[in-house]
Amino acid sequence: MTMDRGAFMQEYRCYGNKMISELLDTFLKDYPEKVSALQNAVDEMDFDTIARLSHSLKGSVSVFCDDEATSLATELEIKAKTADTSGISLLLDKFILAIRQLHRDLSEIKDNL
């Protein structure tokens with residue numbers, strides 16, 4: 001599943017292409033560092049950092065109407081808050097795949113603004 005482009009554009013169209021482009025640029029520039037830090041936190045089972053980064057990324061991806069990435073970030077946050085290590089690495093892998101797809105979708109939107 002990918003982001004709901006129609007819902008995103010309907011929600012943000014009123015801000016104009018320049019503002020949408022800036023929003024996309026900010027996310028595309030910032031998320032790789034957060035995902036890398038999240039990967040390190042999962043590797044170290046640093047639950048406080050996992051919870052914090054998952055929560056931050058959840059907010060970011062929800063802006064783009066991506067239910068899958070939002071749901072996966074929520075699951076990561078819940079696992080971190082309950083110190084549940086079962087399946088957390090697989091969950092992170094799924095989140096990374098979802099966010100890569102989101103990157104492709106946002107890049108395509110940006111190219112077509």
Side-chain angles (χ1 to χ4, degrees):
M1 176 178 263
T2 60
M3 71 177 285
D4 185 338
R5 293 179 191 203
F8 170 73
M9 291 306 292
Q10 183 176 346
E11 180 73 26
Y12 291 92
R13 184 177 326 243
C14 63
Y15 296 105
N17 287 351
K18 183 176 185 221
M19 180 65 142
I20 292 171
S21 183
E22 288 175 10
L23 178 66
L24 299 178
D25 285 343
T26 299
F27 176 77
L28 292 171
K29 181 178 128 272
D30 291 346
Y31 92 85
E33 185 177 319
K34 287 182 181 178
V35 171
S36 178
L38 179 59
Q39 175 71 62
N40 291 337
V42 168
D43 290 346
E44 297 171 6
M45 290 300 161
D46 177 351
F47 295 113
D48 290 337
T49 302
I50 296 168
R52 180 178 48 78
L53 290 170
S54 296
H55 181 79
S56 175
L57 285 160
K58 175 180 66 176
S60 297
V61 298
S62 69
V63 166
F64 301 110
C65 305
D66 189 324
D67 292 341
E68 181 180 14
T70 302
S71 176
L72 291 165
T74 300
E75 289 181 55
L76 281 165
E77 183 180 11
I78 291 168
K79 283 195 172 286
K81 287 182 176 180
T82 60
D84 179 2
T85 62
S86 65
I88 197 167
S89 294
L90 179 60
L91 188 57
L92 176 64
D93 292 343
K94 289 179 181 180
F95 177 72
I96 290 171
L97 288 175
I99 208 163
R100 284 181 182 156
Q101 180 60 51
L102 178 60
H103 180 115
R104 288 188 291 274
D105 292 341
L106 296 179
S107 294
E108 187 176 311
I109 289 171
K110 185 167 172 21
D111 290 345
N112 291 311
L113 286 178

- Message: My understanding is that only residues two or more places apart in sequence, or in another chain, count here; which of them pass side chain to side chain contact (heavy atoms under 4.5 Å, CB included) with E108?
- Response: R5, N112
Going by atom type alone, with no hydrogens or angles, which donor-acceptor pairs under 3.5 Å involve a side-chain atom of residues 86-99 and a protein atom two or more places apart or on another chain?
from: S86; atom 1: OG; to: K79; atom 2: NZ; distance (Å): 3.4
from: S86; atom 1: OG; to: D84; atom 2: OD1; distance (Å): 2.6
from: S86; atom 1: OG; to: D84; atom 2: OD2; distance (Å): 3.4

- Item | Non-hydrogen side-chain atoms of F27 and K29 separated by less than 4.5 Å | no
- Given F8 and I20, is the side chain to side chain contact (heavy atoms under 4.5 Å, CB included) satisfied, shown in steps? CA-CA 10 Å; F8 170 73; I20 292 171; 4.1 Å; yes
Below 3.5 Å, can you tabulate the donor-acceptor pairs from side chains in residues 31-40 to any protein atom, sequence neighbours excluded?
from: Y31; atom 1: OH; to: H103; atom 2: ND1; distance (Å): 2.9
from: K34; atom 1: NZ; to: S56; atom 2: OG; distance (Å): 2.9
from: Q39; atom 1: NE2; to: D43; atom 2: OD1; distance (Å): 2.9

- Task: Can you sort out the partners of S21 under side chain to side chain donor-acceptor pair (under 3.5 Å), two or more places apart, ordered by chain and number?
- Result: K110
- Item | Residue pair L106, L28: steps toward the side chain to side chain contact (heavy atoms under 4.5 Å, CB included) verdict | CA-CA 8 Å; L106 296 179; L28 292 171; 4.2 Å; yes
- Do other residues, nucleotides or ligands put more than 12 heavy atoms under 6.0 Å from E22 CD? yes
- Hydrophobic cluster identity match, I78 and L57, side-chain contacts under 4.5 Å: no
- Query: Looking only at atom types and distance, does a side-chain atom of S54 sit under 3.5 Å from a main-chain N or O of A51, one as donor and one as acceptor?
  - Reply: no
- Start with the C-alpha distance between L102 and E68, add both sets of side-chain angles, then the distance that settles side chain to side chain contact (heavy atoms under 4.5 Å, CB included), and finish with yes or no. CA-CA 10 Å; L102 178 60; E68 181 180 14; over 6 Å; no
- With Y12, which residues qualify under side chain to side chain donor-acceptor pair (under 3.5 Å), at least two apart? none
- Query: In terms of heavy-atom contacts, does CE of M9 have more than 12 from other residues, nucleotides or ligands at under 6.0 Å?
  - Reply: yes
- Item | Steps toward side chain to side chain contact (heavy atoms under 4.5 Å, CB included) verdict (L23, Y15) | CA-CA 10 Å; L23 178 66; Y15 296 105; over 6 Å; no
- Task: Among residues two or more places apart or on two chains, list those pairs meeting salt bridge (charged side-chain N to carboxylate O under 4.0 Å, His left out) that have a residue in residues 46-58.
- Result: K58-E77
- Beyond-backbone contact of D4 with F64, side-chain heavy atoms, under 4.5 angstrom: no
